[in-house]
Amino acid sequence: MSFFDNIPQVKYEGRDSKNTFAFKYYDPKRVILGKTMEEHLPFAMAWWHNLCANGVDMFGVGTTDKSFGCVPGTMEHAKAKVDAGIEFMQKLGIKYYCFHDVDIVPEDPEDINVTNQRLDEITDYILEKTKGTDIKCLWTTCNMFGNPRYMNGAGSSNSADVFCFAAAQAKKGIENAVKLGAKGYVFWGGREGYETLLNTNMKLEEENIARLFTMARDYGRKIGFTGDFYIEPKPKEPMKHQYDFDAATAIGFLRKYGLDKDFKMNIEANHATLAGHTLQHELRVCAVNGMMGSVDANQGDMLLGWDTDQFPTNVYDTTLAMYEIIKAGGLRGGFNFDSKCRRPSNTFEDMFFSYIAGMDTLALGLIKAAEIIEDGRIDEFVKERYASYESGIGKRIHDGTATMEECAQYAAELKKPENPGSGRQEYLESIINNILFRS
Ligand code: XUL
Ligand code: CO
């Protein structure tokens, strides 16, 4: 059964092509800085937005038909989504997919055992259908925020019964990661936070989240999961405050509980901006802490200020993100498009146009980031800016051998420091423009 008969195989045609179903920049086999573009950019399809979301929002019903000829909520529909997803990925040359448990099967409202049986059946089906293809699972995750039982959190719930359901779901999610050969298992703590401190035992909630992560780590390693666990930081939405606020907060938390060797970050662009950061900032925090894991690729809207999950089309942002990623030696995971078509972009063609736009925007970002690195002016400026730490007192501070008395003595002899030098921000920004917009 095929669903996208009228859509051709999407191939690279180059920047002058006007073919709507062609890549203008993503040329999978092109080598950039010693690696092919597809090695730099392991793209993944997000099951939930692409195969499940139909445009429903708080103000209106769906605008896109994602029934794929079946009755939603049935296993027949779940299987049709697998077929549609594989066809979609193959037409675009996407090698990975990501899902929440409830994206791939309907959850039984009464009995978790029934849901788990359905998960066994659908993961068998996915394995059967992807056999002989190069399509693999990037990461699995569990929806521990949608069901009413999670209204007060999952690991952070006030209810121990609910904690156990979160543990049970995550256990199955990790087993599915092993079964499908996934590179990772993601924790996004949508409800792991609070609405008001007046009813919240923050200490217990945070400790319980750490207990859940520790159980997951220990169980995963016991059953042979060798991939990474990922935290996906987000400061707010749906909760007023979420404990995994941003990368720095999540990394500090993991270190406190001895989980930083097994966990890395899954950074989402629109979550970064909600935290008041840029995607580049969040990636830099990961890079300097050895926590670069995976990326949920999307962008927000500066004027809206919530998690709009738009496909990335801003080349300036993807260039600076790719600059960080290349310098950190690449991603351990991949680029999952946690992005959805706008509600009025409601045709199957739009699903393809959106992925083509997102993949091309990251590909162009990669090309431009490599040019910035090869150009060398930015790196050279930064190196020079910190040159005072390469010799003399600066070197001793850097090496950790200088004492406070020695620094004070040095200052006393100098009487007054030299001007530390211009930051040259505008000059540096003009270099980026020059590289982005030269023909
Ligand atoms: C929500 C979000 C999630 C996670 C997986 O903002 O990003 O879809 O990526 O649960
Ligand atoms: Co996400």
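Order of appearance sets the numbers: ligands from 1, and atoms from 1 within every ligand. We're numbering straight along the sequence, starting at 1. Both backbone and side-chain heavy atoms feed into the values below; hydrogens, waters and symmetry mates do not.
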I'd like the residue list for ligand 1, meaning every protein residue with a non-hydrogen atom under 4.0 Å from the ligand. W48, H100, F145, W188, E232, K234, E268, H271, D296, D307, D338
With a cut-off of 2.8 Å, strictly less than, protein N/O/S atoms near the Co ion (ligand 2) add up to 4
Residue set satisfying ring pair (Phe, Tyr, Trp, His ring centres under 6.0 Å) with F335, at least two apart, ordered chain then number -> none
Tell me whether the rings of F352 and F88 are parallel (<30°), tilted (30 to 60°) or perpendicular (>60°). tilted
Assess whether a salt bridge exists between D350 and R343, defined as any Lys/Arg side-chain N lying under 4.0 Å from an Asp/Glu carboxylate O. no
Atom of F68, atom of F4 and distance for their closest heavy-atom approach: CE2-CZ, 4.3 Å
May I have all residue pairs that pass ring pair (Phe, Tyr, Trp, His ring centres under 6.0 Å) and include part of residues 272-291, sequence neighbours excluded? H277-H281
Within the 3.5 Å criterion, strictly below it, is a donor on S430 or N433 matched to an acceptor on the partner's side chain? no
Is K172 salt-bridged to E107, going by a charged N under 4.0 Å from an acidic O? no
Tell me whether K368 is salt-bridged to E371, with the criterion being a basic N under 4.0 Å from an acidic carboxylate O. yes
Parallel, tilted or perpendicular, judged at 30° and 60°: which one describes the rings of Y26 and F23? perpendicular
